[in-house]
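Computed from a prediction, not measured in an experiment: that's the story for all the values here. Throughout, a chain's letter reflects where its sequence line sits, starting with A, and its residues are numbered from 1.
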Number of protein chains: 2
Amino acid sequence: MQDLNRLSINQLTTRDRWSLPEAVDGYARAGVGAMAVWWEKLREIGAERAARVIRDAGMAVSGYCVGGMMTARDPVDWRRRLADNRRMVDEAAAIGSSCLVAIGGGLDAGDRDLGAARRRALDGFAELLPRVRDAGIVLALEPLHPMLCATRSVLCTLRQANDWCDALGGGPEVGIAVDTYNVWWDPELDSQIERAAGRIAAYHVSDWLPDTCDLRFDRGMPGDGVVDLRRIAERVTAAGYRGRHEVEILSSRWWREDPDAVVATVVERFRSAM
Amino acid sequence: MQDLNRLSINQLTTRDRWSLPEAVDGYARAGVGAMAVWWEKLREIGAERAARVIRDAGMAVSGYCVGGMMTARDPVDWRRRLADNRRMVDEAAAIGSSCLVAIGGGLDAGDRDLGAARRRALDGFAELLPRVRDAGIVLALEPLHPMLCATRSVLCTLRQANDWCDALGGGPEVGIAVDTYNVWWDPELDSQIERAAGRIAAYHVSDWLPDTCDLRFDRGMPGDGVVDLRRIAERVTAAGYRGRHEVEILSSRWWREDPDAVVATVVERFRSAM
């Protein structure tokens, strides 16, 4: 991948050192014209100011993260979480994001009924859809790695994401976020990407380190791990995806580095390894 | 689950403190009449002595672990690994094990071609089959958790294990080891267990801890985690499985404990949580 116009950086990649305005500046300085926004960073300054900062920099927004997580057993908690998702839809639209990225949510403490948790998560998405449609964005369902099933996402595979898209009516307002780190291992990767043709709403890139030692914050810089990233990029392109290739690295190791150096490395790896 | 005759303990559960003869004694002392044997423990004393120790104690053997791992790119390495698998088949038969449990193997250093690694692993199983047939045992393919794809097993899901059984001819000498820790998250769990009816050769039990902090050695004692173990036991039973329920806990935390206390806990949890 050579054309820098296809690169986006998810601001989680520079989570610890940069606010939203600082990330906008930092990415623009490196010639990167698109980013994904993290909700906590947005709410630090409010949607209005965030939208202005992003617009003034001419920055495109490849995604707003992260919605979903409607697995609570308590109906009051579940409703509260749905309301927050509606707010996120509005925030995504306000900053010009093409999609709200959404994950499944984990299991409540003591909950062993995975099937019921999945049904609640899917019900939540169904309730959210009218707002998504009104806002003119796409709800991008992102399956996370199965090792995060208990804590972050009962939505675990591309097959399941495709099934949920179908269950939600299969309209243009529902899509899938394909994240290399979460799906690279899947024996059905090719066939489920093919099945997702026309509904891939985001493409996230990071690498799997063979000596990984943390379930959430040890993602690898593209090229440092075992994933054949170019091959997956070819498959999502073959499935019709024309959007940004968004580098998203949740990594304690990279969070300790100078963010400008991290961004420079991302740009170099975008050219050499993606 | 109440009938202690259905319980087996995989000796990895007491890995750090007990040799094979000590494990045989320890399990028998607790009234447990079946175990799974780990190859390194067997080779410390040799197959002949191992067989005698097990037979003298009247211990049933629910599995011999762990074969497979034929993913090497170097043909010499691959052949050497196949030869070692043939030796394992003979060792499994020698100790009266009903099956050789086998995993996929990881990726060689620098290998990013997951598809080719999977083909080599499957080719290895195909080459191994005549020996398995001659020995009168079952080759039990065990999908490991996807988080171990790079390092331990390119065989990641029950669907894939079922596909591989089909690809290997679907005869009675090929089966599947269902391990709750590895498969509990799978959206296709029920349908793929049902599809595996008649070919489930082993059933391994441990729990997923929501605060797990290690990819290999932080499995939970049954009842301490989020997995609905009784539900999965019902499904494998509904699929015709009548063998042992083998507790297999790879855990740095439990390895530090007194093995007799660990075994007593396993027996208690077998009654209360499985």
| request: Using a strict 4.0 Å threshold on nitrogen-to-oxygen distance, state whether R195(B) and D163(B) make a salt bridge. | output: yes
| R253(B)/D214(B) ion pair, N-O < 4.0 Å |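 Salt bridge between R253(B) and D214(B), a charged N being under 4.0 Å from a carboxylate O: no.
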| said: According to side chain to side chain contact (heavy atoms under 4.5 Å, CB included), who are the partners of A239(A), at least two apart in sequence or on a separate chain? | reply: I193(A), A197(A), I200(A)
| said: Is D113(B) close to chain A through its backbone or its side chain, or both, or neither, when contacts mean heavy atoms under 4.5 Å? | reply: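 For D113(B), there is no contact with chain A at all, as no heavy atom is under 4.5 Å.
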| What part of R159(B) gets closer than 4.5 Å to chain A, counting heavy atoms only: side chain, backbone, both or neither? | side chain
| request: Check R79(A), R81(A), R80(A) against D77(A) for a salt bridge (charged side-chain N to carboxylate O under 4.0 Å, His left out) and give me the one that passes. | output: R80(A)
| request: Have a look at R120(A) and tell me which of D111(A), D74(A), D108(A) forms a salt bridge (charged side-chain N to carboxylate O under 4.0 Å, His left out) with it. | output: D111(A)
| If you measure from CH2 on W255(A) to OG1 on T13(A), what distance do you get to the nearest 0.5 Å? |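 Interatomic distance, W255(A) CH2 to T13(A) OG1, rounded to 0.5 Å: 9.0 Å.
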| query | Is it the side chain or the backbone of D186(A) that comes within 4.5 Å of chain B heavy atoms, both, or neither? | reply | backbone
| request: Flag the one option from G106(A), G110(A), A109(A), P146(A) with the top tally of heavy-atom pairs under 4.5 Å to chain B. | output: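 Winner by heavy-atom pair count: P146(A).
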| query | Relative to chain B, which of A150(A), P187(A), G115(A) shows the most heavy atom pairs under 4.5 Å? | reply | P187(A)
| Heavy-atom closest contact (L189(A) atom, W184(A) atom, distance) |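 For L189(A) versus W184(A), the nearest heavy atoms are CD2-O, 4.1 Å.
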| task | Could you tell me whether a side-chain N or O of T237(A) sits under 3.5 Å from a main-chain N or O of A233(A), the two making a donor and an acceptor? | result |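 Indeed, once roles are kept as given, a pair shorter than 3.5 Å links the two residues.
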| request: Using heavy atoms and a sub-4.5 Å threshold, report which of residues 215-229 of chain B line up against chain A, by residue number. | output: L215(B), G223(B), G225(B), V226(B), V227(B), D228(B)
| For chain A, the option from D211(B), T151(B), L114(B), L209(B) that forms the most heavy-atom pairs under 4.5 Å |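 With the most close heavy-atom pairs to chain A, the winner is L114(B).
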| Which one of H204(A), E142(A), H145(A) satisfies the side chain to side chain donor-acceptor pair (under 3.5 Å) criterion with N182(A)? |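 Exactly one candidate clears the test, E142(A).
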